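Keep in mind that the numbers below use all heavy atoms, side chains included, and drop hydrogens, waters and symmetry copies. No experiment lies behind these values; they were computed from the predicted model shown. Naming: A, B, ... by sequence-line order, numbering from 1 per chain.
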Amino acid sequence: MEYDFQNIEAKWQKYWADHKTFAAKEDHSLPKHYSLSMFPYPSGAGLHVGHPLGYIASCIYARYKKLKGFNVLHPMGYDSFGLPAEQYAIQTGQHPAITTEQNIKRYREQLDKLGFSFDWDREVRTSDPSYYKWTQWIFKQLYKSWYNKESDKAEAIETLIEKFEKGGNKGVQAATDQKETFTAEEWKGFSEKEQQKILMNYRLTFLADSWVNWCPALGTVLANDEIKDGVSERGGHPVEQKLMRQWSMRITAYAERLLNDLETIDWTDSIKDQQRNWIGKSVGASVLFKIAEQEGVIEIFTTRPDTIFGASFMVLAPEHELVDSITAPEYKELVAEYKRQAGLKTERDRQSDVKNITGQFTGAFALHPFTGEKIPIWIADYVLTGYGTGAVMAVPCGDQRDWDFAKHFDLPIPNIFKDVDVSEGAYDDKDNAVITHSDFLNDLPAKKAIKTAIHEIEKRGIGKGQTNYRLRDAVFSRQRYWGEPFPVYYKDDIPYLIEDDQLPVTLPEVDKYLPTEDGEPPLARAPKDAWDVKFDGDRMEYNTMPGWAGSSWYFLRYMDPHNEKAFVSKEKADYWNQVDLYIGGSEHATGHLLYARFWTKFLFDMGYISFNEPFKKMINQGMILGNSAFVHEVYHNSKLSNPCYVSRDLIDLPPHESEWMDSVNSFFLKQGLNHDEIKELKGRNIPVDVSILKGETSLDIDMLRSWRKEFENALFIENKNGDFHALREIEKMSKSKFNVQTPDELVEKFGADTLRCYEMFLGPLEQSKPWDTQGINGVHNFLRKFWRLFHNEENEFEVTDGDADKKSLKTLHKTIKKVTEDLDRFSFNTGVSNFMIAANELTDQKCNNRSVLKELVILLSPYAPHIAEELWQKLGEKESVTKAQWPIFNEEYLVEAEFAYPVSFNGKMRFKLELPTSMSKEDVEKEVLSADEAQKWLEGKTPKKVIVVPGRIVNVVV
RNA sequence: GCGGGUGUGGUGAAAUUGGUAGACACGCUAGACUUAGGAUCUAGUGCCGAGAGGUGUGUGGGUUCGAGUCCCUCCACCCGCACCA
């Protein structure tokens with residue numbers, strides 16, 4: 001029987017489903033293993049070949065761990081709330097739940113065809129009320145908690161109230177926005193409303209008026225990580241700053257732990273660095289500068305308090321709250337104009353306009369806190385409102401931006417560095433600087449001076465040592481329909497939580513998925529009684545949660561997906577513990593991965609789970625890129641005309657060979673263009689569907705004509721051989737480039753086992769690589785070759801019993817060793833190569849020995865599970881191959897009596913010499929030197945030195 | 001500018017602790033078989049050279065008996081961050 005992958009794969013997929021082969025059960029007698037791939041957003045386009053890459057890897061690893069005796073958890077689910085389904089709903093009126101359901105169904109069909117070892121009984125969907133009930137519940141816990149910096153963990157808000165009642169907020173070490181202090185008595189005297197307002201400044205999720213990134217096109221606010229290059233990550237729409245009342249997450253409370261605990265996890269340096277950068281810790285001091293001749297102080301933050309004597313002016317952000325009050329009357333207009341100009345610039349302009357130095361003097365002066373000297377106060381947009389205090393002490397000799405600014409506006413640049421010239425630029429070398437002209441800091445190296453300066457600043461009460469983070473609290477509200485509703489209602493504009501027994505708060509029906517006329521989110525369209533909860537208030541919260549809410553804890557739900565009493569039971573969370581291997585794209589570096597860590601730490605603090613990092617090891621799979629095809633179009637800007645397409649290879653011909661131009665010109669002349677207009681013809685590349693290609697760049701013009709209207713009556717100019725060529729380019733797979741490759745047709749043509757092996761065979765998992773189906777035949781042939789090892793020439797199953805040949809045993813054990821080692825270091829591509837080598841060798845040896853093949857089937861089963869099950873059954877086994885034991889490597893089979901030593905002269909390999917492996921170094925040396933071939937290379941000389949590495953190499957130095 | 005990563009045949013790549021560079025596959029060439037099919041099989045295939053041989057892992061240098069691998073220099077490309085005080 002030929003290798004009939006279609007029947008085999010259908011058969012075993014059914015078997016696994018019927019027997020619940022991959023159902024995970026808590027079994028404390030076995031070590032556990034948790035493999036996880038990032039769950040997908042089920043988009044309308046379905047899976048393309050890039051999606052399964054990570055799933056295949058985690059599936060292979062999960063299957064391997066199972067064979068190694070681990071109790072394995074390998075689940076899958078859907079991140080099913082999100083913008084595309086809602087955008088579609090807005091266009092069509094179709095409820096996003098329906099679209100989402102359809103998309104999930106399609107995803108599931110595609111996934112099922114690939115033979116994954118997912119435990120589907122544990123599937124989660126973030127948009128399922130039974131799931132988001134717990135997302136809402138976790139939100140409530142965050143609301144009911146505050147961050148105690150003393151114990152360095154989150155605590156119940158009651159412990160904070162207790163502190164307030166005992167001694168006010170003065171001694172309370174908390175992560176908070178609260179600035180005003182109050183006594184115990186004052187606290188007790190506050191009204192309920194006032195108390196709630198204060199507590200809001202401490203809660204881990206809180207409602208506040210904050211500057212948010214508003215995206216008008218999407219009609220919602222966006223988190224910082226959802227913005228790339230000043231525009232929305234999804235859709236590329238402009239984003240503006242807007243003051244809005246929003247829910248936020250006090251992730252900044254965890255900044256230090258999020259930073260430090262990176263040391264405890266096995267992730268790539270790149271992701272860790274991105275997170276460090278995002279958190280952006282800087283250590284320094286905050287210092288108060290008094291304003292001359294008026295009330296008020298300016299607080300600045302600096303990482304270089306050692307350079308304070310070099311401060312010769314101050315710069316405030318144009319939006320700084322003190323700007324208007326300090327500006328001298330004669331500068332009012334200039335300052336107002338500068339502020340106006342700065343306000344006009346979008347975030348993007350401001351970023352791209354870095355080189356332009358602008359600023360405006362306010363006419364006010366500050367007093368240097370040590371020298372008492374008057375220094376001018378400027379405003380400039382190189383100082384950002386959002387970082388530190390929005391004000392800096394400018395030290396032009398030590399900071400290049402300050403230096404540039406000083407030069408530009410002709411401000412003094414006093415030098416406080418010993419033996420350093422600052423006339424050409426600032427000196428920012430913290431390691432080698434020695435301070436001078438700085439009173440008590442004189443002759444101190446910078447690092448020591450920083451400490452001394454902070455000490456002195458604190459002693460004089462003009463500031464304090466301080467650590468700043470770039471990390472901002474995360475905006476948690478979205479003005480959208482298709483997300484988790486908040487378990488919150490309002491009474492007198494005060495938010496209250498919906499009781500636990502009312503959860504989940506499900507999404508109410510609305511007539512449209514658009515904002516209301518007065519700009520309220522779509523949920524405001526739902527009348528009060530459309531909500532399925534009872535609440536004693538004016539209205540429900542109209543915002544929904546962002547996409548990252550559900551994905552911040554889904555890995556926990558898999559452990560206990562049907563629990564109705566808790567988001568996960570403590571017992572199950574203790575058993576499955578951290579995700580041992582997490583595979584997914586690196587694009588989530590500062591979003592999902594940071595938020596999931598944050599929630600994990602919170603749930604750990606509250607005692608619900610006993611680990612504080614979610615993902616112990618992570619691998620970021622590379623992208624699979626598409627190979628787009630473009631046709632070269634010649635067109636005219638203004639006139640409506642049929643376009644014309646030119647074979648790509650003609651474009652670059654020298655002018656005298658470009659007769660094709662004439663055809664183009666007459667084509668357009670016929671359409672009514674005049675000779676001047678012909679000169680205005682332009683060329684551009686239009687993407688076309690890659691399936692229209694025949695071969696590398698050749699296009700089928702007839703197919704192209706029938707593919708799209710614009711090609712139907714177009715002129716195609718072929719080359720001399722009558723071919724029409726396209727331009728190829730490697731880029732991200734996307735619908736608009738028509739370069740998306742789905743796994744479906746490949747599974748149809750070659751089978752899932754082939755696709756699984758091929759995706760692994762392409763190269764290292766982490767690397768991005770272009771998709772190219774040319775090589776898939778080679779992998780398919782290997783599986784057929786493997787199949788033939790078990791079959792005779794008539795294609796009948798035939799294996800021999802008894803002892804295996806020594807050579808075959810060597811092949812087997814070499815393969816066991818390599819495949820095992822490769823899996824242990826996640827080198828999935830070399831694994832496939834090793835199977836190919838084994839199949840080639842055993843074919844040569846004509847080996848069909850049962851004991852050898854049996855072990856080989858087990859080895860192959862994680863990669864190609866269907867064919868492995870089939871052959872396993874043919875070998876007479878009753879149980880699934882997934883229940884087998886991973887073969888044990890035995891070194892003895894690899895021991896050889898002879899070894900062909902490569903003999904080098906001066907490091908260059910010249911010939912090989914077969915010698916017994918047991919031979920001593922001295923004897924090897926003798927044998928080598930007396931060999932016939934050695935004479936030629938010795939040229940009669942005596943060797944200076946002979947290096948013999950037994951069993952490896954001989955090197956003769958002449 | 002800063003941080004991370006990658007540079008090896010025509011292509012995807014391998015070489016785990018420094019020890020035969022290019023395994024395995026694609027492609028290509030030649031041949032065999034066949035009622036030419038993008039099937040199968042055999043042989044070859046880094047480059048230069050008829051051969052002996054020379055040369056070769058982005059560049060230049062260094063350490064070493066020996067370097068794709070370790071150290072320094074420079075270059076190219078990809079990703080992330082970017083007036084962060």
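A sub-4.0 Å separation between OP1 or OP2 of B:A82 and a side-chain N or O of A:Arg470 is present. OP1 or OP2 of B:G54 sits under 4.0 Å from a side-chain N or O of A:Arg910. The shortest distance between the side-chain N/O atoms of A:Arg401 and the OP1/OP2 oxygens of B:C84 is below 4.0 Å.
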Review item, nucleotides 58-65 of chain B N/O atoms under 3.5 Å of protein N/O:
residue: B:C65; atom: O2'; partner: A:Asn955; partner atom: ND2; Å: 3.1
residue: B:C65; atom: O2; partner: A:Asn955; partner atom: ND2; Å: 2.7

Tabulated below should be each protein N or O lying under 3.5 Å from an N or O of nucleotides 2-6 of chain B; please produce it.
residue: B:G3; atom: O2'; partner: A:Asp273; partner atom: OD2; Å: 2.9

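Here A:Asn468 lies out of heavy-atom contact (under 4.0 Å) with every strand.
Closest approach of A:Gly398 to A:Phe417, counting heavy atoms only: CA-CE1, 3.8 Å.
One atom, CG of A:Asp844, and another, P of B:U42, lie 8 Å apart when rounded to the nearest Å. Atom-to-atom, CE of A:Met909 to C1' of B:A67 comes out at 17 Å; the value is rounded to the nearest Å.
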Dot-bracket for RNA chain B, 5' to 3', with Watson-Crick and G-U pairs under 3.5 Å, [ ] for crossing pairs and | for other-strand pairs: what is it?
-> (((((((..(((......[....)))((((((.......))))))(((....)))..(.(((..]....))).))))))))....
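Using a 90° window around 0 for the glycosidic torsion, B:G60 falls outside it and is classed as anti.
Here the nucleotide nearest the side chain of A:Arg952, chosen from B:G19, B:G38, B:A85, is B:G19.
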